[in-house]
S.K.: 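Attaching a single structure in structure tokens format; questions to follow.
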Amino acid sequence: MENLAVAASRLTAYVANAGIVRADDRAWAYNRLLECCGLTGPAPLEVSLDEDYDFEADLETLADAGVAAGQAEDSATGRDRLAMRMMGALMPRPSEVACQFEALREAEGPKAATDWFYQLCCDVNYVRRSAIARNLEWTTTTTWGDLEITINKSKPEKDPRDIAAAGAAPTGEVYPACQLCVENEGYSGRPASDPFGTHPARQNLRIVPIKLGGERWGFQYSPYAYFSEHCIAMSQVHRPMHVDRAAMGCLLDFVDLFPHYFIGSNADLPIVGGSILSHDHFQGGLHEFPMMRAEVVDTFTLVPFLSVRCEVLRWPLSIIKLSCDDRDVLLEAAVYVLDAWRAWSDESVGVRAFDKDGTPHNTVTPVCRREGDDYVFYLALRCNMTTEEHPLGVFHPHEDKWHVKKENIGLIEVMGLAILPPRLEVELDAGRLTRDEIGRVFGAVLEDAGVFKWDDAGRAALKRFLMML
């Protein structure tokens with residue numbers, strides 16, 4: 001039993017040193033760990049922590065003991081749920097976290113608040129730093145600049161048809177309705193054997209309430225972050241994704257709350273949308289993406305909004321950048337472009353706004369941030385048309401590139417950061433692919449997703465659209 005006493009004692013010391021519990025709560029914290037594992041002993045030991053202390057190893061030891069005591073099934077997900085139960089048992093309540101966040105934001109500013117909150121999420125293993133560290137990352141120089149490549153080893157690849165089906169699925173049948181619902185906070189999770197299917201444990205999840213568009217939203221960090229301080233804002237209501245005036249107003253509200261972060265929304269249509277269409281949410285963080293460093297190749301004027309700077313970026317997707325120091329004017333300009341694009345058809349480049357039955361095809365992937373005194377919108381023009389030749393989408397990764405990327409091109413990849421499936425590590429190890437080749441294919445994938453290609457026909461079509469604006 002000594003190894004259990006050492007693991008529980010070290011973990012107790014760790015949470016006290018990290019400020020998760022107070023020093024005079026250490027006996028209570030130790031006993032909470034035992035309780036979570038179904039144990040009534042052994043007694044704690046005096047321990048010291050090395051600088052490189054790995055608390056996840058002790059969590060694993062205790063989770064194994066809990067499985068042996070019948071507290072969870074003998075599986076990786078069972079151990080994970082038990083580990084998250086332990087960390088959640090030692091954390092402050094959600095209301096306490098929210099109060100501390102707001103107090104820091106008012107006293108020291110939004111960055112101090114997010115710094116504290118992010119560190120807490122890492123310290124309690126909600127942000128899975130060790131799993132993130134296993135991802136493979138590199139940059140590849142292409143004609144579009146340096147693209148950022150990540151092989152994500154923690155999640156399986158999704159089929160675009162499954163994503164579309166999930167977005168159309170009825171809601172309210174499962175609790176929580178999806179993994180983005182605020183009801184996940186403190187949820188114990190479900191094993192694969194559950195009638196409603198597997199669901200990750202979220203006892204150590206904390207969500208800070210914020211207000212966007214006059215509504216209550218939640219603010220949290222992504223457990224498997226793809227970039228620095230990868231955060232999520234999600235509606236308190238489980239409702240489908242939508243890109244419209246209200247959504248873009250919420251993006252502006254977010255950068256008013258957190259001017260050091262960017263924020264963006266996936267498109268709201270299947271094929272060109274992200275992986276979760278069933279819950280209204282945004283993603284943001286500290287990262288500056290390759291798209292944000294792209295060269296300006298043209299400017300144009302929106303006559304109704306002469307104070308707005310309008311630019312076209314040299315980027316494989318069709319990106320319109322709008323900038324203005326007046327957020328209200330910028331919002332009107334962005335909505336103006338969105339409405340015009342939703343109605344725009346140009347059969348010469350394969351763009352059709354609606355099917356004969358009225359099914360819409362055009363939308364945008366919007367990204368918002370602050371640049372000095374200016375508010376900025378990047379609007380990526382998207383179209384989800386399909387053909388017999390490309391049944392999964394004309395402006396979607398074409399079949400000759402599926403060996404690298406088959407999933408939808410969502411918000412993060414629009415901006416030049418590839419999230420690629422773990423199967424590619426096998427291809428790399430076997431020498432069948434190289435890192436530069438993967439990066440170049442990803443660049444070509446982004447070209448597939450661009451509605452106005454960088455050829456004469458595409459440039460002429462873009463000019464027609466801009467002139468109409």
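Keep in mind the model is a prediction, meaning the values are calculated, not measured. These numbers come from the heavy atoms of this one structure, side chains and all, not from hydrogens, waters or symmetry mates. When a residue number appears, it is its place in the shown sequence, counting from 1.
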S.K.: Between H281 (side chain only) and H279 (backbone N and O only), is there a donor and an acceptor less than 3.5 Å apart?
M.R.: yes
S.K.: Any sub-3.5 Å donor-acceptor pair from S345's side-chain atoms to A353's backbone N or O?
M.R.: yes
S.K.: Set out, in order, the CA-CA distance, both residues' side-chain angles and the distance that settles salt bridge (Lys or Arg N to Asp or Glu O under 4.0 Å) for E437 and R440, then state yes or no.
M.R.: CA-CA 5 Å; E437 181 184 1; R440 287 192 295 270; 5.9 Å; no
S.K.: Would you call R309 and E311 a salt bridge, using N to O less than 4.0 angstrom?
M.R.: yes
S.K.: Identify whether the distance between the nearest side-chain nitrogen and carboxylate oxygen of E73 and R81 falls below 4.0 Å.
M.R.: yes
S.K.: Going by heavy atoms in the side chains, are V349 and V451 under 4.5 Å from each other?
M.R.: no
S.K.: Taking atom types as modelled and ignoring hydrogens, do the side chains of T77 and S75 form a donor-acceptor contact shorter than 3.5 angstrom?
M.R.: yes
S.K.: When you measure from the side chain of D355 to the backbone N and O of D357, does any donor-acceptor pair fall under 3.5 Å?
M.R.: no
S.K.: So how far is it from I207 CD1 to F117 CZ, rounded to the nearest 0.5 Å?
M.R.: 8.0 Å
S.K.: Do V308 and L330 come close enough that some side-chain heavy atom pair is under 4.5 Å?
M.R.: yes
S.K.: So Y187 and L205, do their side chains get closer than 4.5 Å, heavy atoms only?
M.R.: no
S.K.: Please report the C-alpha distance between R327 and D253 in whole Å, then the side-chain angles of each, then the deciding distance to 0.1 Å, and finally whether the salt bridge (Lys or Arg N to Asp or Glu O under 4.0 Å) criterion is met.
M.R.: CA-CA 9 Å; R327 59 162 279 168; D253 287 346; 2.9 Å; yes
S.K.: Going from OG1 on T140 to CD1 on I438, what distance comes out if it is rounded to the nearest 0.5 angstrom?
M.R.: 8.0 Å
S.K.: Can you check whether P290's main-chain N or O pairs, donor with acceptor, with W144's side chain at less than 3.5 Å?
M.R.: no
S.K.: Are there over 12 heavy-atom neighbours, none belonging to E215, within less than 6.0 Å of that residue's CD?
M.R.: yes
S.K.: H396 and D448: side-chain donor and acceptor closer than 3.5 Å?
M.R.: no
S.K.: Distance-only, no hydrogens or angles: does the R459 side chain make a donor-acceptor pair with backbone N or O of F452 under 3.5 Å?
M.R.: yes
S.K.: Does some side-chain heavy atom of F300 sit less than 4.5 Å from a side-chain heavy atom of I320?
M.R.: yes
S.K.: For the pair R93 and E96, find out whether any cationic side-chain nitrogen is under 4.0 Å from an anionic carboxylate oxygen.
M.R.: no
S.K.: Between the main-chain N or O of T386 and the side-chain N or O of H390, is there a donor-acceptor pair closer than 3.5 Å?
M.R.: no
S.K.: Let me see the working for F282 and F219 under ring pair (Phe, Tyr, Trp, His ring centres under 6.0 Å), right down to the final yes or no.
M.R.: CA-CA 10 Å; F282 309 130; F219 171 77; over 10 Å; no
S.K.: E185: what forms a salt bridge (Lys or Arg N to Asp or Glu O under 4.0 Å) with it, not counting sequence neighbours?
M.R.: none
S.K.: A side-chain contact here means heavy atoms from C-beta on lying under 4.5 Å apart; do L252 and D328 qualify?
M.R.: no
S.K.: Side-chain donor-acceptor pairs under 3.5 Å in residues 410-419, sequence neighbours left out?
M.R.:
| residue | atom | partner | partner atom | Å |
| --- | --- | --- | --- | --- |
| E413 | OE1 | K405 | NZ | 3.2 |
| E413 | OE2 | K405 | NZ | 2.9 |
| E413 | OE2 | I419 | N | 2.9 |

S.K.: With side-chain hydrogen bond (donor to acceptor under 3.5 Å, both in side chains) as the test, would you mind laying out the steps for R369 and Y261 before giving the verdict?
M.R.: CA-CA 7 Å; R369 70 169 179 165; Y261 281 166; over 6 Å; no
S.K.: For the pair E332 and R245, evaluate salt bridge (Lys or Arg N to Asp or Glu O under 4.0 Å) and give the outcome as yes or no after the intermediate values.
M.R.: CA-CA 8 Å; E332 294 303 320; R245 179 191 300 274; 2.5 Å; yes
S.K.: Using modelled atom types and a 3.5 Å cut-off, is there a donor and acceptor pairing between side-chain atoms of S265 and backbone atoms of P366?
M.R.: no
S.K.: Is the shortest heavy-atom distance from the side chain of Y224 to the side chain of V127 under 4.5 Å?
M.R.: no
S.K.: Under 3.5 Å, is there a donor-acceptor pair linking the side chains of Q220 and Y126?
M.R.: yes
S.K.: Does E137 have any salt bridge (Lys or Arg N to Asp or Glu O under 4.0 Å) partners at least two apart in sequence or in another chain, and if so, which?
M.R.: none
S.K.: Looking only at side-chain N and O atoms, does D146 offer a donor or acceptor that is under 3.5 Å from a partner on T141?
M.R.: yes
S.K.: Any sub-3.5 Å donor-acceptor pair from N204's side-chain atoms to M84's backbone N or O?
M.R.: no
S.K.: Taking salt bridge (Lys or Arg N to Asp or Glu O under 4.0 Å) as the definition, give me every residue that meets it alongside K111, ordered by chain and number, with sequence neighbours left out.
M.R.: D115
S.K.: Under 3.5 Å, is there a donor-acceptor pair between the H398 and D400 side chains?
M.R.: no
S.K.: Assess, by modelled atom type and distance only, whether the side chains of W116 and T114 contain a donor and an acceptor separated by less than 3.5 Å.
M.R.: no
S.K.: With sequence neighbours left out, what residues match K321 under salt bridge (Lys or Arg N to Asp or Glu O under 4.0 Å)?
M.R.: E371
S.K.: Looking only at the side chains, is there a donor atom on one of Q179 and H199 sitting less than 3.5 Å from an acceptor on the other?
M.R.: no
S.K.: Regarding R370 and the six-membered ring of Y375, is the cationic atom NZ or CZ under 6.0 Å from the ring centre and inside 45° of its axis?
M.R.: yes
S.K.: Give a yes or no on whether the ring-centroid distance for W138 and F442 is below 6.0 angstrom.
M.R.: no
S.K.: Please tell me whether H361 and N384 have a donor and an acceptor in their side chains that are separated by less than 3.5 angstrom.
M.R.: yes
S.K.: Return yes when atom CE of M468 has more than 12 non-hydrogen atoms of other residues, nucleotides or ligands closer than 6.0 Å, and no otherwise.
M.R.: yes
S.K.: Decide salt bridge (Lys or Arg N to Asp or Glu O under 4.0 Å) for D268 and R342; before the verdict, give the C-alpha distance in whole Å, the side-chain angles of both, and the deciding distance to 0.1 Å.
M.R.: CA-CA 12 Å; D268 54 352; R342 285 200 188 276; 3.3 Å; yes
S.K.: Enter the distance from Y221:OH to C121:SG here, rounded to the nearest 0.5 Å.
M.R.: 7.0 Å
S.K.: If you round to the nearest 0.5 Å, how far is CZ of F196 from OH of Y175?
M.R.: 13.0 Å
S.K.: Do any pairs count as a side-chain hydrogen bond (donor to acceptor under 3.5 Å, both in side chains) and have a residue in residues 290-307, sequence neighbours left out, and if so which ones?
M.R.: none
S.K.: Would you mind reporting whether R128 and D80 have side-chain heavy atoms less than 4.5 Å apart?
M.R.: yes
S.K.: Distance only, no hydrogens: is a donor on one side chain within 3.5 Å (strictly under) of an acceptor on the other, for R382 and T363?
M.R.: no
S.K.: With rounding to the nearest 0.5 angstrom, report the OG1 to CG distance, T150 to L424.
M.R.: 11.5 Å
S.K.: Can the ring centroids of W341 and F465 be said to lie less than 6.0 angstrom from one another?
M.R.: yes
S.K.: Are the charged groups of E399 and K406 less than 4.0 angstrom apart, N to O?
M.R.: no
S.K.: We want to know whether S348 and D346 form a side-chain donor-acceptor pair, criterion being a heavy-atom distance below 3.5 angstrom.
M.R.: yes
S.K.: Hey, could you give me the OG/CZ distance between S95 and R206, rounded to the nearest 0.5 Å?
M.R.: 9.0 Å
S.K.: Looking only at side chains, do E229 and H287 share a donor and an acceptor under 3.5 Å apart?
M.R.: no
S.K.: With a 4.5 Å heavy-atom cut-off, do I132 and Y226 have their side chains touching?
M.R.: no
S.K.: Is there a side-chain hydrogen bond (donor to acceptor under 3.5 Å, both in side chains) between T434 and D436? Walk through the geometry before answering.
M.R.: CA-CA 6 Å; T434 67; D436 282 345; 5.9 Å; no
